[in-house]
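What follows is a single structure, written as C-alpha cells, with notes after it.
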Amino acid sequence: MHQYLLLSGRTSFGGMRFTDLRRLALDIEVVTTEGFEFPSSARPGDRIVAIALADSTDFRQVIRGDHLDEAALLEECVRIVRELDPDVIEGHNIFRFDLEYLEARARRHGVTLGWGRDGSALAGRPARLQIAERAIGYRRYEVAGRHIIDTWILAQLHDVGVRDLPGFGLKEIARHLGVAAPDRTYVDATTIPELFRDDPERLMAYALDDAVETLGVAGRLAPPVFAQAQLVPFDYQATALRGAAAKIDALMLRESLRLRHAVPLPGPPAPVGGGHVALFQQGVARTTLHVDVTSLYPSLMLAHGIAPVSDEAGIFLTLLRELTDRRVTAKRLARDASTALERQHHGALAQSFKILINAFYGYLAFSTGHWNDFAAADRVTTHGREVVTGIIDRLTALGCVSLEADTDGVYFVPPPDHRLDNDDTLLEQIAANLPDGIRLELDGRYVAFFSYKLKTYALLDERGRVTLKGSGFRSRGLEPFQRRLIEEIVRLLLESRGKEVRAVIDRWLEDFARRRVPARLFARTETLGDTLEAYREKIAAGVRSPAAAYELAAAAGRAWQPGDQISYYVAGRGVNVAVNEHARLLSEWSAERPDENVEYYQAKVAEIWARFRPFAEDGGLRPPLDDEPSPQLDLF
DNA sequence: GCTAGCTGATGCCCG
DNA sequence: AACGGGCATCAGCTAGCG
C-alpha cells in the first residue's frame, strides 16, 4: 500500500507570482478520499489525502488574523505528512505555486517543513526545464524518501507530443482528458473571501474537486513516467523532470560501469543534416494515401549498425535492440491482457519504450552525452533522406502523384485506376526495393487532402473529420478566432465548397464591426521564454525588439519566470498600430467599454482571405510557385 | 516625409 | 539542456516614391 498526498489550491491567478505574501492567507483542510478508479500510479486500497490551500488577495481582511494561526497550520501539515508517510506527493502546479508558497510562509513563521522520511526539511532550489522549444523556470523541491510529482509539468510533457491541450489550468486539462469531477463545484476566484466567511463547506467542496481532478489527470499522464522509472536509473521524480537523452546517457553509463569500461568525454558539436522535406503540389486533392517508414531512424541505426564511435563495448545498439524487442512484447501483453489494470500497465510500458527508442537518434547529437557522435547522427539522416527520396521515385514510377514528403513519409494520390482493395498490392510495389530492415506502412487513407505549405496541411477522413497540421494552421501564437476561421475555411475547401469561403470572411468582418466577437477569441496567448533581466538586456543590446507580452508583464509590475503565459489583445485605432504600444491584458477588457481595435482585427481576417483566396477560387492542384505573388489585401 | 518590402528575432509546430 | 526544417508575426530598417 502506498500513501499519496495531494496538494491542491487556488492556483489560477494567470501565472501571477506572489511578491507580497502578506496579502495572502492559508487554510488547510484534510480530506481522505477513497475508492477512485485506479488514479495515477496509485493502486486501489492506497490512501489518498488532499491538503487544500485556499488563498485570496484580500483573504486577511476576512479572517482578521484571529481565526487562523498559520504557524500552527504549518506544524499541522508537518504532522500530517509524517503520520501518513506518503511515497508520492502530487499536485497541479505545486512546484511553481503551492510549495513555493508553503516554503515562504514557513520561513516567515520560523516553522521547519520537516516532511522527509528522516525528518529532514523540504528543500527547494531554482531549476530550469527544457521541453522542446519551451523553457520553464521553476523551483524544484525535493524531500528525502518521497517523490514530488507536478501534474502541470506532466501536462507540458504530454502536450509536446500531441499539442492538443486547450491550456494548462487544472480544470481545462481535466475536462479535456475526460476526468473532470462529476458535478464539480466551481468558484469565482474573486468571491473566495466571502465564500470562506459565509459558506466554507462550499469552498472545501471546491478544493476537494480540485484534488479529485488532479488525481484524474495524474491517472492519465503519470503511468508512462512511473513505468519509465522502472527502466532508467532515475527515481520517479527525476524521471518526470529529465529529458530523454539524459536517460539514454544514464542507461549507457550504468551498463558501461557494470562492464568496467572507461567512460568517454562528450565530443564537440558538428553540423547534422535534417530530414528530407518537399512540397510537390498545393491545393486540394481527393483520395490521398500516406505511407511512412516504421521507426525510420532506429531502424536505420540497427540496419546499418550506426553507433557512437566511442562505444567500444557495443552497448548502444544492444540497448536499442533490447528496448525494441521489449516494446513488441509489451504491446502484445497489453493487447492480450485480461484486466484493465494489466492492460494499462503494459500499455504504459510500451509507451515509455517507444519514447526511449525514439530518443536514441537524438542522443547521438546530444552535446553533453558521454557517447555522443555528431558524425554518426549525420549518417543516420543521410540514409533517411535516401530512403524517402527512393520512395518518392517509386511513387512517380508507379503513376502516383506525390503531394508532400516530410522526413519519413509521403502523402500522395494513387493512380486513377487504383481501388481500395488494391492498397496492399500498391504498398508492396512502393516498398519493393527498400533496404533490409526498413519497413513501409500504409498508415492513412483520406477522402481529401489540402496541401497548403510544407509541414502545413489538412486531412478529411471518410467519417467527415478534419485534422489540421502545421504551425500556420494551429499555432497558439495565432488568435483563437484565426484558428477558428482557418478551420472553417479549410473544411469548406476539403468539401469542395470553396465558393462559400467568401461568405465566412464577410461574416467575421461583420462580427468584428459589430463587436460581437468575444474577447477570448481575439486575445492572443503567448508564453514568456526569457526572464525580465534577459529581455531587458537583449533590448538594450539591440538584438531584439520590444514585444507586447513582455511589455505587459513588466508593466503589471509582477515578477514572472520562463513558462508563464500572458493573454492580451490590441486596442487603439487603425490597421498600422504598433502592437506593443497598444496591447492590453485580456483581463482588462470590459464588455461595457469594448476597446478592441476593430480595423486591426478586420485586417487579420482580410489577410486570411488573401492567403486562402487562390484555393477558394480554384479547387484543384498546382505545383507550388517559386516566388509567390504578394497577397493583395484589397477586399473589394 | 511616407510606405512597401526586406531582414532578423521570436514563438510555435512537424516528424 | 535530443535534432533540423518550416511558417506566421512583429519591429526596425531602407530603397524608392511623391
Side-chain angles (χ1 to χ4, degrees), chain A residues 127-136 159-164 241-249 266 269-279 290 292-293 295-297 355-356 358-369 372 374 376-378 380-381 384-385 388 404-410 443 452-457 468-479 482-483 486 524-530 535 538-539 541-551 562 565-566 570 575-581 583 600 603-604 607-608 611 628 630-633:
Chain A
R128 267 177 88 84
L129 184 62
Q130 190 75 40
I131 303 177
E133 72 285 344
R134 298 168 200 181
I136 295 169
D159 188 64
V160 162
V162 294
R163 300 203 186 247
D164 64 348
L241 296 174
R242 304 208 51 187
K247 288 168 190 160
I248 307 290
D249 201 51
V272 177
H276 179 69
V277 294
L279 181 66
H290 184 236
D292 74 346
V293 180
S295 303
L296 177 65
Y297 289 172
I355 294 164
L356 283 175
N358 287 334
F360 272 72
Y361 156 71
Y363 177 77
L364 293 174
F366 176 38
S367 51
T368 57
N372 67 4
F374 288 80
D378 193 56
V380 174
T381 55
R385 290 191 296 273
V388 174
E404 194 210 79
D406 189 352
T407 309
D408 63 355
V410 187
D443 88 323
Y452 176 67
K453 297 203 171 157
L454 267 176
K455 294 176 188 280
T456 312
Y457 58 87
L468 299 181
K469 292 282 188 176
S471 64
F473 286 175
R474 41 186 294 156
S475 171
R476 289 200 185 87
L478 300 168
E479 292 84 350
Q482 278 191 302
R483 293 207 294 273
I486 289 169
R524 178 185 299 177
T525 299
E526 266 179 58
T527 306
L528 304 170
D530 277 337
Y535 172 71
K538 287 181 185 176
I539 297 275
V543 294
R544 79 164 288 169
S545 309
Y550 290 91
E551 296 300 322
Q565 290 186 314
I566 291 275
V570 176
V575 175
N576 292 316
V577 290
V579 171
N580 75 76
E581 288 165 18
Y600 172 83
K604 283 186 175 286
E607 278 170 35
I608 289 177
R611 275 164 58 185
E628 200 107 9
S630 58
Q632 53 140 340
L633 294 184

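To find a chain, count down the sequence lines: A is the first, B the second, and so on, and within it residues start at 1.
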Using atom types as modelled and distance alone, determine if a side-chain donor or acceptor of A/Tyr297 lies under 3.5 Å from a backbone N or O of A/Gly362.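 A pair under 3.5 Å: no.
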
Is it true that a side-chain atom of A/Arg385 and a backbone atom of A/Gly274 form a donor plus acceptor pair closer than 3.5 Å?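 Yes: the side chain of A/Arg385 pairs with the backbone of A/Gly274.
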
Base, sugar-phosphate, or nothing: which does [X] touch, judged by heavy atoms less than 4.0 Å apart?
X        : answer
A/Phe360 : nothing
A/Glu479 : nothing
A/Tyr457 : sugar-phosphate
A/Gly274 : sugar-phosphate
A/Pro271 : nothing
A/Ala365 : sugar-phosphate
A/Tyr550 : sugar-phosphate

Below 4.0 angstrom from OP1 or OP2 of [N], is there any side-chain N or O of [X]?
X        : N      : value
A/Thr527 : B/dC12 : yes
A/Asn580 : C/dA11 : yes
A/Arg611 : C/dA8  : yes
A/Arg242 : C/dA2  : no
A/Arg524 : B/dG11 : no
A/Arg474 : B/dC13 : no
A/Lys453 : B/dC14 : no
A/Gln482 : C/dT9  : yes
A/Tyr452 : B/dC13 : no
A/Lys604 : C/dA8  : no

Position toward the 5' end of DNA chain C (nearest nucleotide), A/Tyr600 or A/Thr407: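 Result of the comparison: A/Thr407.
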
Indicate the atoms forming the closest heavy-atom contact of A/Lys469 with A/Arg474, along with that distance.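 Nearest heavy atoms, A/Lys469 then A/Arg474: CA-CD, 4.0 Å.
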
Candidate nucleotides C/dC3, C/dA1, B/dC12, ranked by approach to the side chain of A/Ala246 - the nearest: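 Of the candidates, C/dA1 comes closest.
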
Report the nucleotide, chosen from B/dG15, B/dC14, B/dC12, that has the shortest atom-to-atom distance to any side-chain atom of A/Lys455.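 Per side-chain heavy atoms of A/Lys455, the pick is B/dC14.
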
Is any N or O donor-acceptor pair between the side chain of A/Ser471 and the base of C/dG6 shorter than 3.5 Å?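 When only heavy-atom distances are counted, A/Ser471 does reach the base of C/dG6 through a donor-acceptor pair under 3.5 Å.
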
Measure [atom1]/[X] against [atom2]/[N] and give the value in whole Å, please.
X        : N      : atom1 : atom2 : answer
A/Arg134 : C/dA2  : CZ    : C1'   : 16 Å
A/Lys538 : C/dA11 : NZ    : P     : 17 Å
A/Phe366 : C/dA1  : CZ    : P     : 5 Å

NZ/NE/NH1/NH2 to OD/OE distance under 4.0 Å, A/Glu133 and A/Arg476: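 Looking at A/Glu133 and A/Arg476, the cut-off is not met.
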
Walk me through whether A/Glu404 and A/Tyr452 qualify under side-chain hydrogen bond (donor to acceptor under 3.5 Å, both in side chains). CA-CA 10 Å; A/Glu404 194 210 79; A/Tyr452 176 67; over 6 Å; no

